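Note sheet for the following structure.
Atoms within a ligand are numbered from 1 in the order they appear, just like the ligands themselves. Values in this document were obtained by computation on a predicted structure and should not be read as measured data.
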Amino acid sequence: MNSRFYITTPIYYVNAEPHLGHAYSTVVADVQNRFHRLIGQETFFLTGTDEHGDKIVQAAERMGLSPKEYTDEISKKFRDTWPLLDVRPDRFIRTTDPEHIKTVQMVLQKVYDKGDIEFREYEGLYCFGCERFLIERELEDGMCPDHKTKPTRLKEKNYFFLMSKYQDWLIDHIRSNPGFIQPERYRNEVLSFLKEPLEDLCISRPVSRLTWGVPLPFDKDFVTYVWFDALINYLTGLDYPDGERFQKFWPVANHVIAKDILKPHGIYWPIMLHAIGLKPYESLHVHGYWKIKEEKMSKSLGNIVRPGWLVENFGSDATRYCLMREMSFGLDASFSYDGFVTRINADLANDLGNLFSRSTTMLHKFRKGTVPNETGMEGPQDELRKAFSALVPTWKELMNGFQVHNALSEIWKVLNMANKVIDTTAPWKLAKDESKQVFLDDVLYCLMETLRLSAVLISPVMPRASEKIINSMGLDPDVEFSENGLKWGRLNQGLFIKKVPPLFPRIGPSRKEAKENIKKKREDIKKEKDVSMDSKDKKDGLITIEDFQKVDLRVAQIVSAQKHPNADRLLQLTVKAPEERTIVAGIAEHFSPDSLVGKKVIIVSNLKPVKLRGVTSQGMLLVAKDEAGLHLLEVDPETEPGAKVS
Ligand code: MSP
């Protein structure tokens with residue numbers, strides 16, 4: 001095995017904000033990065049944004065911004081999204097970075113000097129979405145299959161990269177390196193595409209039509225076409241040509257992409273690398289599409305799910321878990337809110353969460369929270385010991401092959417086995433039987449060691465939960481999340497295991513179910529009311545208009561929000577209504593402080609101030625509560641802060 005590993009994501013176009021599709025590729029790369037680090041390799045993880053081209057100029061124009069202002073803004077959104085998902089790249093690259101522009105020009109000059117770039121006239125069908133000329137047989141009903149738009153006929157003189165002369169070399173390279181493009185279906189797809197003669201690649205745009213690009217070093221009237229610019233990011237990211245990183249990591253380059261950009265990565269890129277005298281990347285890992293109701297999720301189709309929204313609803317670990325578990329790498333998958341909730345409740349709250357809380361509760365009840373002696377007895381718990389000796393190598397192999405969904409399913413088989421061990425050995429019965437104490441020791445030991453080792457195995461996917469488990473055992477995650485941590489039997493007798501709150505609280509019913517529940521409840525209440533109205537005291541619970549007028553409701557804008565210094569459940573808000581005041585609200589479990597800032601809400605403004613855990617609250621925030629949780633009562637953003645609500 002190599003001692004190093006280099007992983008990249010596509011660099012994303014900044015004509016759209018990040019969505020679940022981008023998040024998937026990026027989390028895949030992060031999981032790989034963490035996994036390879038865990039097994040002792042030195043790793044480098046690169047992501048970033050692709051910022052040149054017509055599409056970006058058009059998007060900037062629509063927003064009334066210059067391309068630079070626009071790309072700064074959207075690129076920042078990508079950069080700021082990844083920490084929400086605990087994605088930790090080593091470098092975030094932008095194609096507008098000066099060092100990248102320098103590298104692209106250097107590569108262009110090299111290929112030009114070699115005689116692999118030629119100036120010619122070309123007429124063809126251009127898709128602005130793909131930013132390339134399409135050939136007839138790629139069209140579906142005359143339309144671009146990805147963007148569902150009709151391509152435009154264009155004729156112009158341009159520079160061409162003479163790809164066709166390397167076609168045979170590429171076929172040979174793919175055939176003699178089985179792991180070069182994975183999974184195999186995409187390798188076959190590229191090979192079948194290569195059965196037809198390759199066309200040379202148009203790599204320029206005249207500046208009369210596009211200035212937002214990297215100028216060709218050998219002709220100032222042209223900028224380079226996006227793919228020649230974009231793909232080179234994988235080299236710039238390693239400080240090619242002179243950087244130490246390049247020497248260390250280029251031989252172990254692994255790219256993650258979705259099938260939409262298979263051709264540039266499976267054909268253009270290896271040929272470009274070969275032309276400049278570099279060995280092609282080690283492997284290309286191609287995944288399918290996230291779809292919503294059978295349509296690919298994409299900005300142009302307007303059916304996107306924001307990563308931030310997923311994290312707000314499910315948390316980072318559960319979102320990462322669902323992304324990895326719900327998509328078989330290489331195939332398409334469908335996103336549904338209910339699907340994620342079901343997965344989280346079943347796998348995380350029930351299987352893993354319950355195993356952890358049941359095991360620690362029993363350990364506290366029967367052994368004062370300390371790890372007993374592993375007595376190595378026969379019994380159902382012994383199956384756990386055996387299971388791990390098979391699971392660890394399987395896990396390694398599956399993770400290595402980007403089969404994270406299968407790796408997780410193998411881990412879950414053992415977690416379920418552990419839950420069954422509890423049911424069949426019934427430790428609460430063993431505890432009452434003096435003669436079974438040595439056996440009970442072994443059962444409890446095996447359960448706790450199963451949890452520790454599972455935490456190590458899931459750590460690339462769920463870094464937070466696994467850290468919580470390891471920390472509760474008083475162990476050091478940095479030590480456990482390593483090759484050493486993969487060995488059974490590291491929990492020492494006498495170690496105290498802390499009890500911690502549930503790792504994954506159950507998520508309430510889905511929105512749809514919640515709505516149905518609410519409807520049903522309302523009908524029940526109405527029925528009850530109808531009965532009571534008919535009976536004696538009709539006025540019960542009713543107030544007069546004068547009573548209502550005592551309450552002064554105002555529109556307030558939230559200026560800042562932060563966690564209360566002394567209470568986990570409280571947030572401290574500064575609102576404008578129209579004068580600034582502080583409100584302390586018990587909503588910390590439902591809203592992140594950042595999500596509230598700027599929102600216009602309704603407050604009760606004439607409440608007597610009260611001190612809540614040391615902070616004076618001058619009013620009360622109104623929210624709505626249903627079975628799905630709390631909802632902010634937002635008002636029309638046009639409303640002035642301080643407006644009276646009547
Ligand atoms: N800028 C180019 C890539 C250049 S790489 C040298 C580009 N950008 S993109 O913003 O369109 O990103 C495409 C990539 O985003 C896909 O290859 C995939 O990684 C991810 N996805 C975008 N939509 C997706 C889905 N609906 N499903 C899965 N992945 C998706 O192409």
Side-chain angles (χ1 to χ4, degrees), residues 7-30 32 46-56 59 71 74-75 77-78 81-82 87 92-96 100 103-104 107 127-132 144-147 186 213-214 224-237 253-270 272-273 281 284-307 310 323-324 326-335 402:
I7 187 83
T8 70
T9 72
I11 45 169
Y12 304 110
Y13 285 135
V14 290
N15 65 334
E17 290 181 24
H19 63 65
L20 178 143
H22 307 122
Y24 178 73
S25 310
T26 315
V27 171
V28 165
D30 187 70
Q32 284 298 324
L46 178 74
T47 187
T49 44
D50 189 357
E51 308 188 3
H52 290 127
D54 322 61
K55 264 201 291 186
I56 313 297
T71 50
I74 310 284
S75 177
K77 288 202 174 155
F78 276 92
T81 293
W82 306 139
V87 165
F92 186 96
I93 193 164
R94 302 180 57 186
T95 52
T96 48
H100 175 69
T103 311
V104 171
V107 171
C127 171
F128 282 93
C130 299
E131 302 210 20
R132 65 181 178 94
C144 162
D146 284 341
H147 296 91
Y186 297 108
V214 179
T224 189
Y225 161 81
V226 286
W227 281 109
F228 219 94
D229 169 0
L231 289 161
I232 290 168
N233 92 85
Y234 301 134
L235 295 180
T236 316
N254 283 263
H255 302 308
V256 176
I257 59 162
K259 60 187 176 184
D260 52 344
I261 50 179
L262 174 59
K263 212 196 280 175
H265 284 79
I267 297 176
Y268 311 169
W269 183 223
M272 281 165 68
L273 288 163
Y281 51 78
L284 179 65
H285 305 270
V286 190
H287 63 77
Y289 291 150
W290 279 92
K291 296 185 163 185
I292 288 202
K293 298 200 180 90
E294 290 315 304
E295 285 282 11
K296 180 189 175 196
M297 189 180 298
S298 77
K299 189 200 164 190
S300 38
L301 300 175
N303 57 353
I304 52 181
V305 173
R306 296 246 169 271
L310 288 171
L323 288 175
M324 292 304 102
E326 293 279 296
M327 180 177 256
S328 298
F329 194 86
L331 303 179
D332 292 347
S334 268
F335 169 79
F402 281 61

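- In this structure, Trp227 counts as a contact residue of ligand 1, since one of its heavy atoms falls inside 4.0 Å of the ligand.
- Residue Pro264 places every heavy atom at 4.0 Å or more from ligand 1.
- Numbered from 1 in the order shown, with element, the atoms of ligand 1 that lie under 4.0 Å from a heavy atom of Gly288 read 28 (C).
- Residue, atom and distance of the protein heavy atom nearest to atom 31 (O) of ligand 1 are Ile261 CG2, 3.5 Å.
- With rounding to the nearest 0.5 angstrom, the CG atom of Leu284 is 9.0 Å from the CG atom of Asn254.
- The CD atom of Glu51 lies 8.5 Å from the CD1 atom of Ile11; values are rounded to the nearest 0.5 Å.
- Checked options Thr71, Asp229, Thr96; the residue passing with His52 is Asp229 (criterion: side-chain hydrogen bond (donor to acceptor under 3.5 Å, both in side chains)).
- Between Ala258 and ligand 1, at least one pair of N/O atoms sits closer than 3.5 Å.
- Looking at Asp332, Ile257, Thr26, Ile11, it is Ile11 that brings a heavy atom closest to atom 3 (C) of ligand 1.
- The pair Lys296-Asp260 counts as a salt bridge, with a side-chain nitrogen and a carboxylate oxygen less than 4.0 angstrom apart.
- Residue Glu326 holds its CD atom at 9.5 Å from CZ of Phe335, rounded to the nearest 0.5 Å.
- Proximity of Asn233 to ligand 1, defined as any heavy-atom pair under 4.0 Å, is confined to the side chain (atoms from C-beta onward).
- Here the heavy atom of the protein found nearest to atom 12 (O) of ligand 1 is Tyr12 CD2, 3.6 Å.
- Atoms CD and OH, on Glu17 and Tyr12 in that order, are 15.5 Å from each other to the nearest 0.5 Å.
- What sits closest to atom 13 (C) of ligand 1 on the protein, heavy atoms only, is Asp260 OD2, 3.5 Å.
- Counting protein heavy atoms only, atom 22 (C) of ligand 1 is closest to His19 CE1, 3.8 Å.
- Rounding to the nearest 0.5 Å gives a distance of 7.0 Å between NE2 of His285 and CZ of Phe329.
- Look at His265 and you'll find a heavy atom under 4.0 Å from some atom of ligand 1.
- For the pair Val256 and Ile7, the minimum side-chain heavy-atom distance is below 4.5 Å.
- In this structure, the protein non-hydrogen atom closest to atom 26 (N) of ligand 1 is Met297 O, 2.9 Å.
- Remark: aromatic rings of Tyr186 and His265 are distant, center separation not under 6.0 Å.
- Inclusion of Ser25 in the set of residues having an N or O under 3.5 Å from an N or O of ligand 1 is warranted.
- Under 4.0 angstrom from ligand 1, the non-hydrogen atoms of His287 all belong to its side chain.
- From the protein, the heavy atom lying nearest to atom 1 (N) of ligand 1 is Asp50 OD2, 2.7 Å.
- Using a 4.0 Å cut-off to heavy atoms of Ala230, the atoms of ligand 1 that qualify are 6 (C).
- Paired with Thr9 under the rule side-chain hydrogen bond (donor to acceptor under 3.5 Å, both in side chains), one option of Thr26, Asp30, Thr47 passes, and it is Thr47.
- Note that Lys259 lies in the cation-pi zone of Tyr289, set by a 6.0 Å cut-off to the ring centre and a 45° limit from the axis.
- At least one heavy atom of Tyr289 sits closer than 4.0 Å to an atom of ligand 1.
- Among all protein heavy atoms, the one lying closest to atom 6 (C) of ligand 1 is Tyr234 OH, 3.5 Å.
- Counting protein heavy atoms only, atom 8 (N) of ligand 1 is closest to Tyr13 CD1, 3.3 Å.
- Distance check: Thr8 OG1 to Leu46 CG gives 6.5 Å after rounding to the nearest 0.5 Å.
- Residue Lys296 has at least one heavy-atom neighbour below 4.0 Å for each of these atoms of ligand 1: 23 (N), 26 (N).
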